[in-house]
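These notes concern the structure reproduced below.
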There are 2 protein chains.
Amino acid sequence: MAELQLQSPGRQPTIRDVAELAGVATSTVSRALSNPGRVNHVTRERIEEAAAQLNYIPSSQARGLSSGRTQTVAVLVPDITNPFYFDIIRGAQHQLKAAGYTQLLVDTEESAEMEADALQKMRRSADGFILAASRLTDAQLAEAAAQQPLVTINRAPAIAPTVVIDTPSAIIQALEHLVSLGHTRICFVGGPATSWSNAKRWQAFQEETTERKLTTFSVGPFAPKTTSGAAAADAAVHTGATACIVFNDLLAIGMLQRLRERGIRVPDDMSIVGCDDIFGADFCNPPLTTMASPIEQAGRVAVSMLLSRLNPQYGGTSRRLAVMPTHLTVRASTGAAPS
Amino acid sequence: MAELQLQSPGRQPTIRDVAELAGVATSTVSRALSNPGRVNHVTRERIEEAAAQLNYIPSSQARGLSSGRTQTVAVLVPDITNPFYFDIIRGAQHQLKAAGYTQLLVDTEESAEMEADALQKMRRSADGFILAASRLTDAQLAEAAAQQPLVTINRAPAIAPTVVIDTPSAIIQALEHLVSLGHTRICFVGGPATSWSNAKRWQAFQEETTERKLTTFSVGPFAPKTTSGAAAADAAVHTGATACIVFNDLLAIGMLQRLRERGIRVPDDMSIVGCDDIFGADFCNPPLTTMASPIEQAGRVAVSMLLSRLNPQYGGTSRRLAVMPTHLTVRASTGAAPS
DNA sequence: ACAAGGATGACAAGCGATTGCCAAAAATTG
DNA sequence: CAATTTTTGGCAATCGCTTGTCATCCTTGT
C-alpha cells in the first residue's frame, strides 16, 4: 500500500502532490509544466488542473539546482537614491519580468569594493549582471566579465557589452547653446573620478571647446549629490566663468541652491547646464537646462542584451553596443551671458 | 580507486571540491562553514583555507533546498520612481544585508492585482515580505498574511505587524501652523482611494478641523504623481480655500507648478503643505512646507520586525507596531492668509 | 590504568525539481 | 492483421548542500 503523505497544513505543495492528485508520475508533471509538447493534451490539462487546485508553484530553488540557473539578474547601481537610476531600474524590471526573470537590486554605495564584492558573492545567485555606472577599474571589470555574463551601462564598450548614453554629443549641443547665448568663459564641473561617463563628458567638453577656442575652466571632482553642490558652486564662481556644464543634475541642482543663497542670479549672472534630466530638473528653481535621454529604454536594452547572451537560442543579434540618443532640453537655467 | 572528478574550467567549485582539497568529508565542510562549534579548530582553518583558495561560494539554491529558506526578503512598493520609497528601500536593504539576507525589489505599479500576484508567485522564493503602502484590501491582506510572514508599512496594524508613519499627528501640527497664519478655509487634496495613509490623513484632517471649527473642502482622489498636480491645483483653487494640505509631496509639487502657470502666487494667494518630505521638496519653487519623518528608519524597523519573526531565536520582542515620529518642516510654500 | 563521557567527523538520506533512458501504448503502414 | 514507427510517461540518477545517526578517538575522573 502506498504510504499516504499527510499534508501538514503550512507545507507548500510539491510536484509530488500534483502528480498524485493527477495520477501520474512526477516527471510527467514536470514535463507537462515546462515542456508542454512532450505530454498528451488531456493529461496536461488534468495536471494543470491539479496544479491550480493545489495552488502549486514550483520551487525556483529546486529547479535551479539541476539547471544551474536562477532566472535572476542582479542590477548594481552606485546609489539607489539617485533619481537617475530610477528609470533604469524600472526599465530593467519591466523587461526582466516579461522574460520571466527576477530582479535583484543592489546599491553599491559608490564603492568599487562593494561592487566587486557583490559581483563575487552573487555569482551563484544570479545568472547575469547589469552594471549601471560601474565604479570598477577596467581590470576589475574585465575580470568580472570573464567570470559571468554582464552588461554595463555607461561604460567603455571594449570590455563588456554596453549601453551608453550619448551625452558627449549632447555636450556639443550644450556648448553650441551656450555659445549662441554669448558665453565664452565656460567651466566644466566634474563628477566622480572613477566615473567613465565623467571622463567621456570631460573629453567631449575639452575637444569641443578647444575647437571653438573658448576659455575653459574645470573644477572637481565632486560627489554626485546635491550636498556637494555648494562647494561646486563656490569653486565654479571663483573661476570667473559665466556658464557651467555640470556632471549631473543632482550636482547642478545643489549648485542652483548655493548660487541663490549667495545672491548670484541664474541665469543672469551664471548659466547652468545639467546632465540626465532627472526627476526634479523640471521643477527646481530655476528649472534646469539639461541633457535628456530615454533612460528607461537604456535599462530595457541592457536587459535585452544580457538575456540574448544568456539564452542564445532566442537571442537575436547579440550586439555589444547600444547608444541612446540624447538631446538638450532648454529650461530657465541658461540665458544670455552677462555683458 | 576513487574517481577523480575532472574540474571543467568554467564550473563553480562545490563543497565536494573543498572537502577533497582539505581531505575531509563534505559534511565536515558544511558544518565547519555554517556551524563552527561542531568542528575542530585546526580542521576548520584548513577547510576555510581550502574554500578561500578555490574561491568557493556555497550555492544558496542548494542550501535553501533542504532548509526551505531562501534568505531573501521581497520588498513591494507601488511605484519605484516615487522618491518616497527610496529611503525605505535603502533602509530595508541596509538592514537585510547586515543580517545576511538578499532584497528582492518589486514594483507593483499601484495595482492591487500585481501586488497579490507577486505575493503568490514569490511565495517560494522569499522568506518574507515587506509591503510598503499596500494597495490590497483588508481581506486580501489578511489572506496574504496568513500564508506568509509579512510586515506592512503604512497600513492598519490590526492585520499584520506594521510600521506606521505618524502623519496624522503631523497633520494636526500643519493645521495649527496654517491657523496661526490666519487661514480658515482649508482644503484637503486626497490621494489614491485605496491608500490607507490617505484615509488616515483625511480622518485626522476632519477631526481636527471640526474641533477647530474651520471651513474645509476636499478634492480628489488624485494619483500620487506630479502630473496629477494640475488637476488637483485647479480643483483646489475652485473651492476657494486659501490653504491646502496635500496627500503627498509629489502631488504638491505638481500643484506648485500648475499654480505658477496660472499666476496664482504661493504662498501669497494660496499656501500648500505637502507630506513626506521627499527628495525635491527642498528645492522646488517655492520650497515646500511638508511633514518629515525618518523614512529610512521605517524601512529598517520593518525589516527588523520581519526578521525577528523569521528567526524567533534571535528576535527580541517581536512588536506588532512601530510608530515613526513626524514633524512639520516649514519652508516657503506656506504664508499668511490673503487678507 | 580503566570506565564513562565528550568531541569529532564519516555515512547516507533527504530537499524538489529536471532529464536521459527505456518500456508500454498508440498510430501508422504494408 | 502483423510489423514498424511514433508517442507517451515511468524509473531513477542527479544537482549541491544539510543534518540525523553513529562509530571512533580523545579526555577526564577515580
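In what follows, chains carry the letters A, B, and so on, assigned in the order in which the sequence lines appear, proteins first and then strands, with residues in each chain numbered from 1. The shown structure was predicted, so the numbers you read here are calculated from the model rather than taken from an experiment.
Across the protein-nucleic acid pair, B:I15 atom CD1 and D:dC15 atom P stand 14 Å apart, rounded to whole Å. Regarding B:Q12, its CD atom lies at a distance of 10 Å from the P atom of D:dG16, rounded to whole Å. Following rounding to the nearest Å, A:L65 (CG) and C:dT18 (C1') show an atom-to-atom distance of 10 Å. The CD-C1' distance, from B:E20 to C:dA10, rounds to 16 Å in whole Å. Between B:Q71 atom CD and C:dC15 atom P the separation is 20 Å, expressed in whole Å. One interatomic measurement links the two molecules: CZ of A:R63 to P of D:dT14, which rounds to 22 Å at whole-angstrom precision. The distance from atom CD of B:Q61 to atom P of C:dA17 is 13 Å, rounded to the nearest whole Å. When rounded to the nearest whole Å, the span between NE2 of B:H41 and P of D:dC26 equals 19 Å.
The backbone N or O of A:T70 lies less than 3.5 Å from a partner atom in the side chain of A:T72, making a donor-acceptor pair.
Side-chain N/O atoms of A:R31 and base N/O atoms of D:dG10 include a donor-acceptor pair closer than 3.5 Å. For A:S27 and D:dC11, a side-chain-to-base donor-acceptor distance below 3.5 Å is present, hydrogens and geometry of angles not being considered. In terms of polar N and O atoms assigned as donor or acceptor, the side chain of B:R46 never comes within less than 3.5 Å of the base of C:dG9 in a complementary pairing.
In summary, A:R16 and A:E20 do not engage in a salt bridge, as defined by a charged side-chain N under 4.0 Å from a carboxylate O. Contact check on A:D138 versus A:R155 returns a salt bridge, with a Lys/Arg side-chain nitrogen under 4.0 Å from an Asp/Glu carboxylate oxygen.
Of all non-hydrogen atoms in B:D127 and B:G68, the two that sit nearest each other are OD1-O, 4.4 Å. Scanning both residues, A:D79 and A:D107, for their nearest heavy atoms gives CA-OD1, 3.6 Å.
In terms of position along DNA chain C, the nucleotide closest to B:A25 lies nearer the 5' end than the nucleotide closest to the other residue of the pair B:A25 and A:T28. Residues B:T26 and B:A62 each lie close to DNA chain C; by heavy-atom proximity, the contact nearer the 5' end of the strand is made by B:T26.
At the heavy-atom level, B:S30 lies under 4.0 Å from base atoms of the strands shown. Here A:R69 lies out of heavy-atom contact (under 4.0 Å) with every strand. Within 4.0 Å (heavy atoms only), A:T14 reaches sugar-phosphate atoms of the nucleic acid but no base atom.
Listed pair A:T43 / D:dG9 meets the phosphate criterion, a side-chain N or O lying under 4.0 Å from OP1 or OP2.
Of all nucleotides listed (C:dA17, D:dC17, C:dT18), C:dA17 comes nearest to the side chain of A:S59.
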